[in-house]
Every structure is written in structure tokens, then in C-alpha cells.
Amino acid sequence: MTDTTLKAKELHPHLPASVEVIDCTLRDGEQAPGVWFTTEEKLRLATALSDAGVSALDAGFPASSGSELEALQALHELGLSASIAATARPLAQDVAAAAKSHADEVFLFMPTSDLRLKETLGITRDRATTVFRSGAEAAATHGLTVNLVFEDATRSDPRTLIDTAEELRRHVPLHRLVLADTTGCAHPAGMHHLIRSLADALGPGTTLCTHNHNDFGLAAANTLAAVGAGAKAITCTVNGLGERAGNADLAECVAGLTHLYGVEHGVDPLALPSLAADVERASGVATSPIKPVTGFNVFRHESGVHVDAMLKDSRSYEFLPAAWAGRSSEFVLGKHSGTSLVRHLLTSVGVPCDDALVARALGEVREAVERRDKAAHRQAHADLQAVYRTLLSGYDAAELIERYRGHRPSEGQVGR
């Protein structure tokens, strides 16, 4: 245990010894605009995630389409060690689809904020609780393990969340209570307070879990804040893939749990780079070179001061060890390189170096880099934008409109 993780345990007295990691790539990740996975890709990704040690997979929304239902059934046939979960609204048809998919458990979601209940659904809170309870009871009757997802929980009154949870668990055994920061508007202090409020009120009988979106770049931070407050389960996606700015990233969360908190999670860090590459390939969404943990540049160093320190002790600029994630530290010759790297490269192959030779070689490197034409950079940017416009475009709205422009509804169908 490092000094950092010891300090974390002092700062966070409710920090659990271990957490469950639930991956939502196959469901929330696929909801990213323009992204879709084939059944074969889902099976391959699910197998890789399970083999990596992920506890449960939020694997799809079977009521949304026949292909979703069939994909979940196919996942069931794989016999993975990870639990397979279906997402559903607390409606009879959704619960029936979840049961038909042969899922092990279900994530029942319902908005909880006044804004969403009034403006989106047009129902009262009492009606929402009744619907939630009905769906949860139906799921339990089907033999599904029940998880409740309080959508938009971070814009809800904690007292109403507590009352709703207490009401529902009087009637149905609840495995997890998932508090969703649906619009990504939470911040770490607020997330900590929300988890503690519910944990203190509900006690240890129900596992608290968090589901964070990344609209302000705080999804991973909010996830770690929730764990620091006592949450014993988290949700995330590979590469943070998801709607709008995405979700909490699997690799970032696992790295934080390990190296900042000292919390067990069961995920093999050596699997993270290949998972990231697999999802990048299947989704068509390229990740940034500076993406934490799995990005191309994360363990590469150019600055002369940094490289000099790294050559003496890699901990100088890598608190997160490259080897932990199956990576290695690399040094890049460039405009900002210093003499230490030049000397290291030449002496490593037996070239005798004095200061004059090193200075001349470094000058040649810098001059060569600065003479490079940046047309390739501009072309790469243009190509990537073109790829996104094509791969993430979805179905052509103009084609849909043109297809049905002359359609006339049958009698009795108007307004439906």
C-alpha cells in the first residue's frame, strides 16, 4: 500500500475495500450518436470484458428492437463469468423483454427529478413511484435480480430519492441502487454528499452504485468521489464511449481505484489497451492520443527536463506506472528534446559522446523537426473529420423525409 492510498483511506473513512465494476459499453456506449455494434462485435466485446474481470455487463435494451433481444440471448449462451444485465423501463413489455432475453438481472430506470417527471413524462411523483414499484415487482416475479436506476438523481432532492428507495425495497429485494448523473452536472463534492445522504439513510442493505456522464469532464472524478463516500459499485464504458461527451471511462476509473484509493476491483489492467483498441475499432470513434491510461502519448516523453528526470527515475513523471497497463515508457526526439536523450541514445549503441557532439546532434534534430511541412497534420485532421461525418452520420434524415413525404395515414391513425 502506497502513501497515497494510505492517505486516501484517512481522508475517506467510508472507502470500501472493493467495488464491483459494471461496464455499459454494449448499451450506453452504443447509444453514442452514429455508433452501433453487430451481434458478433457485441459477443466479442462481452467476452473480452468478462475475461478482463468486469463483474457485470449492462448489455442492452431488449425492448427497443428484435436485434437487441437476440443479441442478449446470444450473450446468455456464451456462459460468461460476468453477469448479463438488461436495461428496461418499469413497464410490463420492457420487463417481459428483459426476461425473454435470459438476462441475469435488470436495470430498471425512471427519472426522479421534478423537471423530468413533469416536463418529460407529465406524471406526479406518486404515480412515478407506483409505476416503478409495479415494474420492479414484475421483474422479481420473472426471477430477475432487480437494480433500480434513479435517472437524473443529481438534479433530485435526496430526501425524495430516499423515500422512493425505502418504499420500493419494502416490496421488492433490491440488489443495487444506481444514482445517475444523467446530464453530467454533478461535481465531486456534491456526488460525495449525495452518496453519504443515501448511505446514512438506507443503511448497508442496498448496494449504492453511480453512473456518471462526462459533460463537464468530471465523470471519472465523480465516480471516484462516490466510491470515497462508500459506493460499492460503479458503472463505466470502454474509452468513455456514450451519449454526448460520454461516460466514466473504464481505464481511468480502474487506474484511480488502484493507484489513488487502493481499492480492489477485479479488473486486469493488462487488458485495458486491447479493450480500448477493440472498442475504438468497432465504434469508429477514435480516441485522443492524450487519453488517460490508454492514449498513444500517455507514456511518451519529449521535453528535455522530463526525459532527463525519467532517465534517472521513471517515477519522476509517471506516478501511474506504464507497466501496470501493459505499456512502456518511450522517449521522443523533437523540438523540445534536450541533451540527455541524445547522449543516452548515442552511448547506448557505443557512440563516444562529448558535449560538442551532443550539442551538434541536438541542433540537427531540432532543425529537422522545425523544417517539416505541416500539410500532413492538416490532412490528417480533415480526414478524421470526414470519417466522423461518414461513420457517425446515422441514417440520412433527408432520405427518410423523402421516402414518406407523400404518405397519408390510414383513418384513425392521425396523431398517433
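None of these values were measured; they are calculated from a predicted model.
Other residues, nucleotides and ligands place no more than 12 heavy atoms under 6.0 Å from the OH atom of Tyr404. Annotation for His193: atom NE2 does not count as buried by contact number, only 12 or fewer foreign heavy atoms lying within 6.0 Å. No more than 12 heavy atoms of other residues, nucleotides or ligands shown are found within 6.0 angstrom of CZ on Arg315. The number of heavy atoms from other shown groups lying within 6.0 Å of CD (Glu167) is above 12. Within 6.0 Å of atom NZ in Lys232, 12 or fewer heavy atoms from other residues, nucleotides or ligands are found, so the atom counts as exposed in its surroundings. No more than 12 heavy atoms of other residues, nucleotides or ligands sit less than 6.0 Å from atom CD1 of Ile290.
With sequence neighbours left out, the ring pair (Phe, Tyr, Trp, His ring centres under 6.0 Å) criterion links His187 to no other residue. Remark: His12 engages Tyr261 in a ring pair (Phe, Tyr, Trp, His ring centres under 6.0 Å) (not counting sequence neighbours). Annotation: ring pair (Phe, Tyr, Trp, His ring centres under 6.0 Å) contacts of Phe299 (sequence neighbours excluded): none. Every residue meeting the ring pair (Phe, Tyr, Trp, His ring centres under 6.0 Å) condition with His306, not counting sequence neighbours, appears here in chain and number order: Tyr317. Here Asp215 pairs with Arg244 under the salt bridge (charged side-chain N to carboxylate O under 4.0 Å, His left out) rule; sequence neighbours left out.
Sorted by first and then second residue, the salt bridge (Lys or Arg N to Asp or Glu O under 4.0 Å) pairs involving residues 97-114 (not counting sequence neighbours) are Glu105-Arg176, Asp114-Arg125. Within the structure, the salt bridge (Lys or Arg N to Asp or Glu O under 4.0 Å) test picks out the following pairs touching residues 62-88 (sequence neighbours left out): Lys42-Glu68. Contacts classified as salt bridge (Lys or Arg N to Asp or Glu O under 4.0 Å) and involving residues 389-402 (residues at least two apart or in different chains) are given here: Glu402-Arg405. Residue pairs meeting the ring pair (Phe, Tyr, Trp, His ring centres under 6.0 Å) criterion with at least one partner in residues 324-354, sequence neighbours excluded, are His259-Trp324. Applying the side-chain hydrogen bond (donor to acceptor under 3.5 Å, both in side chains) test to every pair with at least one member in residues 265-281, sequence neighbours left out, gives these pairs: Thr258-His265, Asp278-Arg281. Pairs of residues two or more places apart, or lying in two chains, that qualify as salt bridge (Lys or Arg N to Asp or Glu O under 4.0 Å) and include a residue from residues 177-197 are Arg196-Asp200.
Between the side chain of Glu264 and the main chain of Ala17, no donor-acceptor pair closer than 3.5 Å is present. Between the side chain of Ser83 and the main chain of Ala56, no donor-acceptor pair closer than 3.5 Å is present. Of the possible donor and acceptor atoms, one in the side chain of Tyr388 sits under 3.5 Å from a partner among the backbone N and O of Ala286. For Ser314 (side chain) and Met310 (main-chain N/O), no donor-acceptor pair under 3.5 Å exists by modelled atom type. In this structure, Ser156 contributes its side chain and Ser113 its backbone to a donor-acceptor pair below 3.5 Å. Looking at Ser101, its side chain never comes within 3.5 Å of a backbone N or O of Leu69 through a donor-acceptor pair. Looking only at distances, no side-chain donor or acceptor of Thr223 sits under 3.5 Å from a matching main-chain atom of Thr210. The closest donor-acceptor contact from the side chain of Arg366 to the backbone of Ser337 lies under 3.5 Å.
Put simply, the side chain of Asn247 reaches to within 4.5 Å of the side chain of His211, judged on heavy atoms. Counting only heavy atoms from C-beta outward, the side chains of Thr207 and Leu177 never approach each other to under 4.5 Å. Side-chain contact between Leu11 and Lys7 is present, with heavy atoms from C-beta onward closer than 4.5 Å. Side-chain contact between Phe319 and Leu260 is present, with at least one heavy-atom pair separated by less than 4.5 Å. The shortest distance between side-chain heavy atoms of Phe61 and Phe107 does not fall below 4.5 Å. Residues Leu208 and Leu198 meet the side-chain proximity criterion, which asks for heavy atoms closer than 4.5 Å. For the pair Cys236/Asp249, no side-chain contact is recorded, criterion being any heavy-atom separation below 4.5 Å from C-beta on. Between Val227 and Pro16 the shortest side-chain heavy-atom distance falls below 4.5 Å.
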Could you give me the CA-CA distance, side-chain angles and deciding distance for Thr390 and Ser393, then say whether side-chain hydrogen bond (donor to acceptor under 3.5 Å, both in side chains) is met? CA-CA 5 Å; Thr390 302; Ser393 62; over 6 Å; no
Could you go step by step and tell me if Arg371 and Glu367 meet the salt bridge (charged side-chain N to carboxylate O under 4.0 Å, His left out) rule? CA-CA 6 Å; Arg371 279 203 313 264; Glu367 184 180 350; 3.0 Å; yes
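Residue Ala46 comes nearest to Leu26 through the heavy atom pair CB-CD1, 3.8 Å, listed as atom of the first residue, atom of the second, then distance. Leu45 approaches Ala282 most closely through the heavy-atom pair CD1-CB, 4.5 Å. Of all heavy-atom pairs spanning Phe132 and Leu148, the tightest one is CE2-CD2, 3.6 Å.
Salt bridge Arg116/Asp152: absent, no basic N to carboxylate O contact under 4.0 Å.
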Table please: side-chain donor-acceptor pairs of residues 350-363 below 3.5 Å, with sequence neighbours left out.
unit_1, atom_1, unit_2, atom_2, d
Asp354, OD1, Ala356, N, 3.3
Asp354, OD1, Leu357, N, 2.8
Asp355, OD1, Arg343, NH2, 2.9

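In this structure, Leu49 CG and Ile22 CD1 are separated by 13.0 Å, a value rounded to the nearest 0.5 Å.
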